[in-house]
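The structure under discussion appears below in the form of structure tokens.
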Amino acid sequence: MSLQIIETARAPLAVGTYSQAVRTGDTVYVSGQLAIDPASGQLVTGDIEAEIRRVFDNLQAIAKAAGGSLANVVKLSVFLTDVEHSGKVNEIMAQYFSKPFPARAAVGVAKLTRGARVEIECVLALS
């Protein structure tokens, strides 16, 4: 099995024992992304819409670095500290994705790293 590590400065660099993404064959597994601005390294706070957009921008940058785009996403996992934000995720996701939409799970969690309110991971299928 051949693994290719995907890394881009256009998304927050991994700061722990993980990679931004790993490609094996035509599949790319993207690590959970928080609303961290890659330029400043700071978490976007205040406006949940801005947080969600930053997360999708980070995912988009990693997908591009892997040789794809968000159109290649087949599965998303969304983690929210307040499931009431699910509507905003849907609204903003519709601006980044078009039909057919990827499969998705949305899970309410008690807490996320760095006090984030949303984290999203995804899987891409490239050909």
Test item: [X] and [Y] side chains (from C-beta on) under 4.5 Å apart, heavy atoms:
{"X": "Gln33", "Y": "Pro12", "answer": "yes"}
{"X": "Tyr96", "Y": "Leu59", "answer": "no"}
{"X": "Val28", "Y": "Val22", "answer": "no"}
{"X": "Arg114", "Y": "Ile36", "answer": "yes"}
{"X": "Pro38", "Y": "Arg54", "answer": "yes"}
{"X": "Lys64", "Y": "Thr8", "answer": "no"}

> Would Leu124 and Met93 show up in the same hydrophobic cluster when neighbours are defined by side-chain heavy atoms closer than 4.5 Å?
Replying inline: yes
> Transitively linked via ILVMFWY side-chain contacts under 4.5 Å: Phe101 with Ile120?
Replying inline: yes
If you look at every heavy atom in [X] and [Y], which pair is closest and at what distance?
{"X": "Ile6", "Y": "Ala66", "value": "CG2-N, 3.8 Å"}
{"X": "Val89", "Y": "Phe56", "value": "O-CE1, 4.4 Å"}
{"X": "Leu34", "Y": "Ala116", "value": "CD2-CB, 3.7 Å"}
{"X": "Ala35", "Y": "Val55", "value": "N-CG2, 3.5 Å"}
{"X": "Val73", "Y": "Pro102", "value": "O-CB, 3.3 Å"}
{"X": "Ala21", "Y": "Ile62", "value": "CB-CG2, 3.6 Å"}

Just how far is it from atom [atom1] of [X] to atom [atom2] of [Y], taken to the nearest 0.5 Å?
{"X": "Gln95", "Y": "Arg53", "atom1": "CD", "atom2": "CZ", "value": "4.5 Å"}
{"X": "Gln60", "Y": "Cys122", "atom1": "CD", "atom2": "SG", "value": "11.0 Å"}
{"X": "Glu119", "Y": "Glu51", "atom1": "CD", "atom2": "CD", "value": "12.0 Å"}

>> side-chain contact (heavy atoms from CB on, under 4.5 Å) for Glu84 and Ile48? Distances and angles first, verdict last.
In response: CA-CA 11 Å; Glu84 295 299 318; Ile48 190 63; over 6 Å; no
> Can you check side-chain contact (heavy atoms from CB on, under 4.5 Å) on Leu126 and Thr27, steps first, answer last?
Replying inline: CA-CA 6 Å; Leu126 305 177; Thr27 305; over 6 Å; no
Got a donor-acceptor contact below 3.5 angstrom from the [X] side chain to the [Y] backbone?
{"X": "Gln20", "Y": "Ser31", "value": "no"}
{"X": "Asp37", "Y": "Val44", "value": "no"}
{"X": "Arg23", "Y": "Gly25", "value": "yes"}
{"X": "Arg117", "Y": "Leu112", "value": "no"}

>> Evaluate Leu80 against Val107 for side-chain contact (heavy atoms from CB on, under 4.5 Å), listing each step before the verdict.
In response: CA-CA 6 Å; Leu80 297 164; Val107 180; over 6 Å; no
> Taking it one step at a time, do Tyr29 and Glu121 satisfy side-chain contact (heavy atoms from CB on, under 4.5 Å)?
Replying inline: CA-CA 8 Å; Tyr29 299 91; Glu121 65 180 17; over 6 Å; no
